[in-house]
Amino acid sequence: MNKDAHSGQDAFKILKHVFAFTLLASFILILFYGLGNALVPLLFAAVIAYLLYPAFNLLEKYKITRRFSVIFIIFLFIIIFLFIVLVVLPILLKDFQAFLRTIPDYVKSFIEYAQKLSEEYKVPLYWNVNEIVDNIKSYVQNISLKTINVITGVLQNTVSTIIGVLIFFMNLFLFPLFFYYLSTDYKSFINFFDGLISPKYKEDVYYYVNNCNRIISAYIRGQLIVVIVEMLIYSIGLTILGLPFGLVVGIGIGALTIIPYVGPFIGYSTCIIIILATEPTWLLFSKVTGIFAFVLTLENFFLMPNIVGDKVGLDPLITIIALVIFGNYFGFLGIIFAIPVAGMMKFILSELIKKLHQNYKEKYLT
């Protein structure tokens with residue numbers, strides 16, 4: 001067979017793979033579009049089932065069937081959901097609204113304290129206190145209005161009509177249904193996607209999939225545990241110390257730790273502003289600093305190495321660049337998923353470069 005025939009066959013194979021990929025992508029897009037409002041509970045159920053997959057496997061080793069553990073988790077979710085909606089959420093919203101109302105006063109007291117220090121040490125500060133406070137009040141009011149508008153908008157869209165009520169309760173029912181089948185019939189889904197892969201490429205596909213899964217699972221599961229632990233430590237610790245709105249501030253700081261480097265800095269700065277605006281004593285300052293030092297030490301030397309590990313493999317500089325790029329393109333969701341996605345991209349790119357080097361050596365150096 002001549003060279004032109006070979007190139008024609010190669011081009012046909014490439015077109016065939018492109019057509020198959022396009023067909024599959026189109027089918028997935030049509031499926032997602034057809035799901036409509038049911039897409040959110042489906043994706044949420046898929047994420048939870050993925051995160052709990054190792055726990056289900058561990059329970060099966062102790063002779064606890066997957067179906068029983070899944071049903072137990074569903075009932076546990078229902079209890080936690082009702083507890084959060086009926087007990088926790090009203091308290092947090094009330095404290096959050098009160099915290100937003102006091103932010104301008106805190107900032108004003110902080111600026112006045114800074115000006116007093118500047119006069120004492122003869123370092124001029126060219127600040128217009130009233131202008132800064134007015135801008136912050138306007139910003140806080142916008143946050144409050146946006147929060148109220150989002151909540152009322154969601155409620156209006158979900159319960160304003162009979163169809164909206166039906167869709168709302170259907171989505172509540174669909175989550176446990178999707179979660180149950182995704183968790184119990186996972187082998188069927190694996191076999192289905194396995195059948196879509198050509199035997200020729202199956203080894204390579206599974207190699208990349210398994211390593212990307214290792215990166216995602218290590219980061220998301222580990223980061224979730226780290227965030228929950230730090231939420232508890234910060235909220236309990238700051239509340240015991242008597243910091244105003246310690247519960248709300250602690251939960252917020254714990255949630256912000258999902259953003260490396262930036263989250264702890266924002267949380268610590270917020271606490272310092274509150275301290276200087278309310279009770280500027282070295283004792284409270286040192287106690288709050290001690291809590292942050294303890295949590296950062298616990299995170300860097302115990303939680304991250306033992307729970308998350310070095311699975312992502314990103315340098316600090318690459319991590320910051322990934323956060324900035326994904327944040328600019330995709331907002332807050334981009335910041336959350338920047339690190340695992342960047343880790344996968346780095347792994348795939350490094351593997352492709354290795355293969356290119358290997359092919360070059362085999363072709364030209366042997």
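We count residues from 1, following the sequence as given.
Under a 4.5 Å side-chain heavy-atom cut-off, the cluster of Ile, Leu, Val, Met, Phe, Trp and Tyr residues that includes Ile353 is completed by Leu349.
Considering Leu284, Leu243, Leu238 as possible partners of Ile274, the one that fulfils the side chain to side chain contact (heavy atoms under 4.5 Å, CB included) test is Leu243.
Ring-plane geometry between Phe175 and Phe179 is classed as parallel, the angle between the planes falling under 30 degrees on a 0 to 90 degree scale with a further cut at 60.
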- Item | Intermediate values then yes/no, ring-ring contact (aromatic ring centres under 6.0 Å, His included), Phe44 and Phe178 | CA-CA 9 Å; Phe44 188 57; Phe178 286 145; over 10 Å; no
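Arg67 places no side-chain N or O within donor-acceptor distance of the main-chain N or O of Thr184, the cut-off being under 3.5 Å. Asn328 contributes a side-chain N or O that, together with a main-chain N or O of Val324, makes up a donor-acceptor pair within less than 3.5 Å. Between the side chain of Ser235 and the main chain of Leu232, a donor-acceptor pair closer than 3.5 Å is present.
Dense packing is recorded around OH of Tyr208, with more than 12 heavy atoms of other residues, nucleotides or ligands lying under 6.0 Å away. Applying the 6.0 Å contact sphere to CZ of Phe265 captures no more than 12 heavy atoms from other residues, nucleotides or ligands. More than 12 non-hydrogen atoms from other residues, nucleotides or ligands lie less than 6.0 angstrom from CZ of Phe77.
Defined by atom type and a distance below 3.5 Å, a donor-acceptor pair is missing between the side-chain atoms of Tyr180 and Asp185.
The side chain to side chain donor-acceptor pair (under 3.5 Å) pairs that include a residue from residues 262-277 are Tyr268-Thr289, where partners are two or more places apart or lie in different chains.
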